[in-house]
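A, B, ... follow the sequence lines: proteins, then strands. Residue 1 opens every chain.
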Number of protein chains: 2
Amino acid sequence: MTSGKPAPISRRERPAKPALTREGIVEAALEVMRAEGLGRVTMRRLAQQLDTGAASLYVYVRNTAELHALMLDELLAGLDLSPVTAEGNWRDRLVTVLWSYVRVLTEHPELAQSALVTRPSGPGYLNLVDGLLALLDAGVSADRASWAVDLLLHFATSTAAEQGTRQRAIDAGEEEDRLAETIASTSAARYPHIAALGLDLLSGPGPDRLTWGFNVLISGILQTPRPAPDTAPGSA
Amino acid sequence: MTSGKPAPISRRERPAKPALTREGIVEAALEVMRAEGLGRVTMRRLAQQLDTGAASLYVYVRNTAELHALMLDELLAGLDLSPVTAEGNWRDRLVTVLWSYVRVLTEHPELAQSALVTRPSGPGYLNLVDGLLALLDAGVSADRASWAVDLLLHFATSTAAEQGTRQRAIDAGEEEDRLAETIASTSAARYPHIAALGLDLLSGPGPDRLTWGFNVLISGILQTPRPAPDTAPGSA
DNA sequence: ACCTGAACACCGTTCAAGT
DNA sequence: ACCTGAACACCGTTCAAGT
């Protein structure tokens, strides 16, 4: 992706065997993921890709969870944060940045899922958070921005995790069908409100819905102050 | 670990060997989960618990994902939905029900994670959705309630998934420490807004924060109409 | 119809031993 | 210091064969 490495070890020929580095491992992992999905990014498969043994990877990466976190951060480092400093309505710019975050995660939905469990902490993530805070600065106080950024990213991440994995999962659509069937066959007596809504309930998280969600969150944030700390604020 | 196994095979005595059923399997799975965590609820471990072979389970359960969904629905069926029909402010009652949902999921956080991927569709879930719709009915139009219930459950589920798994994950706290360290050592130049907030950024999703989140969502929902369908509404 | 053993094709992680 | 093979302790799922 960056630049062509000029044949590092190569005793004579060989595709290179690029000498293990943390960065190289992460890059290879992203490659495998793009080609075969995160499910195939296992230590063993990855070692094979790098022409080494699985055990070697543990010199550079603590475990699979850390590997995933590194992969995600690499992706986040590629985000376009220019809207942060652009002209125009801060709300619109905020939504734009959030959308670009969701877009990245939706392309690699399994990573989104792992981000839900292991909170990222790399430079890519910190950059994003800092940008979002800058945008929120225009609209809310700092303490509220702190919770707000968490809420917004949380929503964005979990939406991506949900959507994406669902596309792939369980033979695409079968699940949807099952739910649709359930709703259709549901006695209006047992679940009256669901029956009344019918299929609208699963119109699914299209783009409209995500944008609506962002707007709900932002409006809500603007209207809801943080509660005053009740117990001593410094209590560990 | 649990108790001394009292002579297992015995053709005469025996605790019963309860004859496999879908319900029995789910129940046993919940037992194993409560005792050893969802990570240990594997087909093989479960089969062992039920004194049979792993292959036998596939007669009753399509795969591991379905098993997890069944387990979750069983848990949801136990929710207290009485606030739905109680007296009082609908917003408060809505938050109460959502809180009870989160409480269940937080006790079994790994299930929350799986719920994010495989949308539940059992009676327990439908019951909950119907109840939430009933509550929302007091405040918003039906079409908005449809999206709202999704958004609220989504937030609740992912919060539980995040919190819970994080407690266990990566040696409890190490990750937090790492992030805190990063923030502390962060040059205020590179991430000025993060530096300005300092540790408040990771004050963590305590109860206050979840309640704040629900209030943000509800306020936002009340203020944000669904967009008018732009393209032909019936387009597949 | 239900149940089973055995097999297939995998996993993450550790560790003693090599270079 | 880094790398490796081999081992440990597991997985989900399928399938032919039994009852």
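A search for side chain to side chain contact (heavy atoms under 4.5 Å, CB included) contacts involving A:Ser82 returns A:Asp80, not counting sequence neighbours. Partners of B:Phe155 under the ring pair (Phe, Tyr, Trp, His ring centres under 6.0 Å) rule, at least two apart in sequence or in another chain, are B:Phe214. Applying the salt bridge (charged side-chain N to carboxylate O under 4.0 Å, His left out) test to B:Arg45 and every residue at least two apart in sequence or in another chain returns B:Glu36. By the side chain to side chain donor-acceptor pair (under 3.5 Å) test, B:His154 pairs with A:Ser158, A:Thr159, A:Glu162, sequence neighbours left out.
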Nucleotide by nucleotide, 5' to 3', does protein get under 4.0 Å of the base (B), only the sugar-phosphate (S), or neither (-) in nucleotides 8-13 of chain D, counting heavy atoms?
---BBB
Taking Watson-Crick and G-U wobble contacts under 3.5 angstrom, with | marking pairs to another strand and [ ] crossing pairs, the secondary structure of DNA chain D is written ||.|||||...|||||.||
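Rounded to whole angstrom, the span from the CG atom of B:Leu57 across to the C1' atom of C:dC2 amounts to 13 Å. For A:Leu50 and D:dC2, the CG to P distance is 16 Å, given to the nearest whole Å.
Spacing between D:dA9 and C:dC8 at atom P, rounded to whole Å, works out to 23 Å. For the P atoms, the distance linking C:dA7 with C:dC3 amounts to 23 Å, nearest Å.
The side chain of A:Tyr60 places no N or O atom within less than 4.0 Å of a non-bridging phosphate oxygen (OP1 or OP2) of D:dC2.
Residues B:Leu128 and B:Val97 have side chains in contact (heavy-atom distance under 4.5 Å, counting atoms from C-beta outward). By the 4.5 Å heavy-atom criterion applied to side chains, B:Asp73 and B:Val26 are not counted as neighbours. Between A:Val216 and B:Leu151, some side-chain heavy-atom pair lies under the 4.5 Å cut-off.
No more than 12 heavy atoms of other residues, nucleotides or ligands sit less than 6.0 Å from atom CD of B:Glu27.
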